Amino acid sequence: MIFMIDKLKLQIREDLEKSLSAKYNQPINVVVEEPKTSGLGDISIPVFSIVKTVRKQLNEVVEDVINALEYSSAFNLIKAVTRVGGFINITLDRLGFSKAVIKENQSASFGQLDIGENKTIVIDYSSPNIAKPFSVGHLRSTIIGHAIGNILEKLGYNVVRINHLGDFGTQFGKIIYSYLNFGDKAKVDKNPIEELVKLYVEFHEIAKEKPEIEDKAREIFKELEQGNPEYQKLWSHFREVSLSEYMKVYEMLNVRFDSYDGEAFYNDKMQAVVEELTEKSLLVKDEGAMIVDLGEDMPPALIQKTDGSTLYITRDLAALFYRKKTYDFDEVLYVVGNEQKLHFEQLKSVVKKMGYDFYENIHHINFGLVLQDGKKMSTRKGKIVKLEDVLMEATNLSLEYINEKNPDLANKAVIAQKIGVSAIIFNDLKNYRTNDVEFNLEDMVNFVGQTGPYLQYTSVRISSVLEENSFNCENIDYHLFTSDHSFELIKTIAQYQEILIKAKSEYSPSVLAKYLLSLASYFNSFYAKEKIVVDDVLERNTKLCLISIIRNILDEGMNLLGMQVIRKM
RNA sequence: GACUCGGUAGCUCAGCAGGAUAGAGCAACGGCCUUCUAAGCCGUCGGUCGGGGGUUCGAAUCCCUUCCGAGUCGCCA
């Protein structure tokens, strides 16, 4: 059974390649695509490359391809074949195609994709640093990681979501020192992250005058590592209060994790890595530190500092092996910014050198930096934009819109927040993830055009029609789907599954986001042209069925992206 | 300096296993609410695809070169 347009294209391609290869007695590659300009049909086949391989006249090849098409198993869904120069344009049988799409959509198996069955993917995202504010960069990681995780689950993968908290390192020595010497317990309890950051900043100011406190901090950290109960208690307290603040953000974004094991969790698992590297003779002493030489292409990986303490990559290696052992993953994804590209290349390279094949399944899902005035945002420069403020701003603005457009709406505050938060999520996901983004509040809370609210609004429009009218998808007049604006919708619906697969293969939610925009756009055009609740029972039922399918896809798609679906706005 | 990523309409971006007149949204301008939510729809305006070479029937897409921006480059994470 062929229904999806991409499957149809694939089928035509396979059939043509088979019969043409036989005819010309050599392997033939056939390109099957969708015409970029409208009015030329639904599917097109440029034959130039075939002409080149077989060294025959263009006309002759065109003839051969058209003849071969008739023997394709997809031919029953083809209505017309025309030729424009070196292009063969295929027009689909709209009636037959619509029927296939709607039937497929109604079947129980719709959307149940199983390409990820029995496969496990570990995905590491969000990972904020304890005692530091939740940055806009971590917001990107959180949003992108969450959406990719959802898409993977939709495709049938077993997904393990890990929040690899930055809860370890010399900075804890500094914070503990500051807290003990000039901290205020009450203040910290009341406003943990803000106060801890203040203490951290204060530490650095004092360290300018009295550099010896740096040694104190290192000492405290060393004792913390070795299990000093007082320091451990403080560390664990700071971790807890920070995490509970992050949880508020996660709750607002509707994000969950399977594990919050951060860097500290791997503290006792690093020695084994160092030992294994030593056993495999990969560790070399260089300028007092222990490194793994990675050849000409890459700078070496620093595994152990001169003073014997370990580094980021050592911890990541320990975490990686732990995850492999614990989850036996097929792939592991790290949703971490562009600036750590080299780090992950080194990580893969070290794993490869250690002789493990699974280095190929380690993917750095990099994303662009959040820039301010064209430069990387820096905590040190104190230009911290508080995430809560951004979410608040978006919520307030959407409330203003509601008051203007629909002042009698019930639950305004709740809906305003759902719109505001979703606007920010969508704004991040609609563009390809590796693009850098300039921090711009106005863009983030834009509600007009290619935005989150546009999708929500489209779904709400459909809901308000469906709410008042019952329908069934058994009794359909497929002829109604043959108009241009209806058939665009049918073709777009038919692309949904392929879009999910593409979003997975590129690890980019933007593929889905762009698709939802185009579906919504086609619907809104349709909505402007056609009255849905008409007197004719069959026509009304047919249209209601169609728009309900559209709403299902919009809603599911929005959920996959991490947005909130609403019924009224 | 080396390496990586990017440069497409005034702005934000699609398109990039080479294919037919380079597409959206925003902004600007002009239409469309006595009919299912106008956060919408329709139209107009807007481009030497950073510059220069090359590969070929054909280049935004591939190669080289050059300019511009960002990021990274052993003891932070």
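Labels below follow one simple rule: chain letters A, B, ... track the order of the sequence lines, proteins then strands, and each chain is numbered from 1. These numbers come from a predicted model, not from an experiment.
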Asker: Considering only atom P, compute the distance from C57(B) to A70(B) and round it to an integer number of Å.
Answerer: 41 Å
Asker: Which whole number of Å gives the distance between the C1' atom of C33(B) and that of A14(B)?
Answerer: 32 Å
Asker: Looking only at atom P, what distance separates A38(B) and C32(B), rounded to whole Å?
Answerer: 16 Å
Asker: Write down the partner of U21(B) under the Watson-Crick or G-U wobble criteria, each distance required to be under 3.5 Å.
Answerer: none
Asker: Under 3.5 Å for both donor-acceptor distances, Watson-Crick or wobble: does U37(B) have a partner, and if so which one?
Answerer: none
Asker: Establish, with yes or no, whether the OP1 or OP2 oxygen of C76(B) is under 4.0 angstrom from a side-chain nitrogen or oxygen of Lys305(A).
Answerer: yes
Asker: Please list residues of residues 422-433 of chain A whose heavy atoms come under 4.0 Å from any atom in RNA chain B, ordered by number; otherwise none.
Answerer: Asn431(A), Tyr432(A)
Asker: When the P atoms of A9(B) and A60(B) are compared, how many Å lie between them, rounded to an integer?
Answerer: 14 Å
Asker: Only pairs with both distances under 3.5 Å count, Watson-Crick or wobble alike; so what is the partner of G10(B) in this structure?
Answerer: C26(B)
Asker: On RNA chain B, nearest-nucleotide positions of Ile291(A) versus Lys52(A): which is more 5'?
Answerer: Lys52(A)
Asker: Identify whether any heavy atom of Glu296(A) sits under 4.0 Å from a base atom; if not, whether one sits that close to sugar-phosphate; answer base, sugar-phosphate or nothing.
Answerer: nothing
Asker: Mind checking side chain to side chain donor-acceptor pair (under 3.5 Å) for Ser126(A) and listing every partner two or more places apart, or none if nothing turns up?
Answerer: Thr142(A), Tyr250(A)
Asker: If I take atom CG in residue Leu517(A) and atom C1' in nucleotide G15(B), what distance separates them, rounded to the nearest angstrom?
Answerer: 15 Å
Asker: Name the nucleic acid region contacted by Asn89(A), choosing base, sugar-phosphate or nothing; use a 4.0 angstrom heavy-atom cut-off, strictly under.
Answerer: base
Asker: Across the strands shown, which category fits Ser49(A) at heavy-atom distances under 4.0 angstrom: base, sugar-phosphate, nothing?
Answerer: base
Asker: Identify the pairs formed between an N or O of the protein and an N or O of nucleotides 1-7 of chain B at a distance under 3.5 Å, and give each distance.
Answerer:
| from | atom 1 | to | atom 2 | distance (Å) |
| --- | --- | --- | --- | --- |
| U4(B) | O2' | Lys341(A) | NZ | 3.2 |

Asker: Taking only residues two or more places apart in sequence, or in another chain, which ones meet Arg540(A) in a salt bridge (Lys or Arg N to Asp or Glu O under 4.0 Å)?
Answerer: none
Asker: Should Phe172(A) and Phe238(A) be marked as a ring-ring contact (aromatic ring centres under 6.0 Å, His included) after you check the CA-CA gap, both sets of side-chain angles, and the distance that decides it?
Answerer: CA-CA 9 Å; Phe172(A) 286 96; Phe238(A) 294 154; 7.7 Å; no
Asker: P atom, U21(B) versus C49(B): distance in rounded Å?
Answerer: 15 Å
Asker: Using the P atom in both, what is the distance from C16(B) to G53(B), to the nearest Å?
Answerer: 26 Å
Asker: By centroid distance (under 5.5 Å) and plane angle (under 30°), are Phe87(A) and G19(B) in a stacked arrangement?
Answerer: no
Asker: Rounded to the nearest Å, what distance is computed from the CG atom of residue Asp443(A) to the P atom of nucleotide G25(B)?
Answerer: 16 Å
Asker: May I ask you to decide if the ring planes of Tyr312(A) and His343(A) are parallel, tilted or perpendicular, using 30° and 60° as cut-offs?
Answerer: parallel
Asker: Quickly work out the Arg315(A) CZ to C75(B) P distance and round it to whole Å.
Answerer: 15 Å
Asker: Report yes if some heavy atom in the side chain of Leu196(A) is under 4.5 Å from a heavy atom in the side chain of Leu199(A); otherwise report no.
Answerer: yes
Asker: Nearest to the side chain of Leu342(A) - C36(B), A70(B), C73(B)?
Answerer: C73(B)
Asker: Whole-Å distance between G71(B) C1' and His343(A) NE2?
Answerer: 16 Å
Asker: Using whole Å, report how far CD of Gln171(A) lies from P of A77(B).
Answerer: 8 Å
Asker: Begin with the C-alpha distance, continue with both residues' side-chain angles, and end with the deciding distance and a verdict on ring-ring contact (aromatic ring centres under 6.0 Å, His included) for Tyr522(A) and Phe487(A).
Answerer: CA-CA 10 Å; Tyr522(A) 281 129; Phe487(A) 196 62; over 10 Å; no
Asker: What is the distance from CG of Leu302(A) to C1' of C75(B), rounded to the nearest Å?
Answerer: 5 Å
Asker: Does Glu438(A) reach a base, just sugar-phosphate, or nothing at all? Heavy atoms under 4.0 Å.
Answerer: nothing
Asker: Nearest-Å distance, NZ (Lys376(A)) to C1' (G71(B))?
Answerer: 8 Å
Asker: Now, which nucleotide makes the Watson-Crick or G-U wobble pair with C73(B), with each of the two distances under 3.5 Å?
Answerer: G1(B)
Asker: Between U48(B) and A22(B), how far is it from one P atom to the other, in whole Å?
Answerer: 12 Å
Asker: In whole angstroms, how far is the C1' atom of A14(B) from the CD1 atom of Ile499(A)?
Answerer: 12 Å
Asker: By the definition side-chain contact (heavy atoms from CB on, under 4.5 Å), identify the one residue from Leu311(A), Leu317(A), Asp316(A) that meets it with Thr314(A).
Answerer: Leu311(A)
Asker: Please give the distance between the C1' atoms of G25(B) and A39(B) as a whole number of Å.
Answerer: 14 Å
Asker: Considering only heavy atoms and no angle criterion, is a donor-acceptor pair shorter than 3.5 Å present between the side chain of Ser44(A) and the base of A20(B)?
Answerer: yes
Asker: Only pairs at least two apart or in different chains count here, so list each ring-ring contact (aromatic ring centres under 6.0 Å, His included) that has a residue in residues 401-421 of chain A.
Answerer: Tyr401(A)-Phe447(A)
Asker: Picking from A77(B), C75(B), G71(B), which would you name as closest to the side chain of Glu263(A)?
Answerer: A77(B)
Asker: Walk along nucleotides 37-42 of chain B from 5' to 3' and tag each nucleotide B, S or - by protein heavy-atom contact under 4.0 Å, base first, then sugar-phosphate.
Answerer: BSBSSS
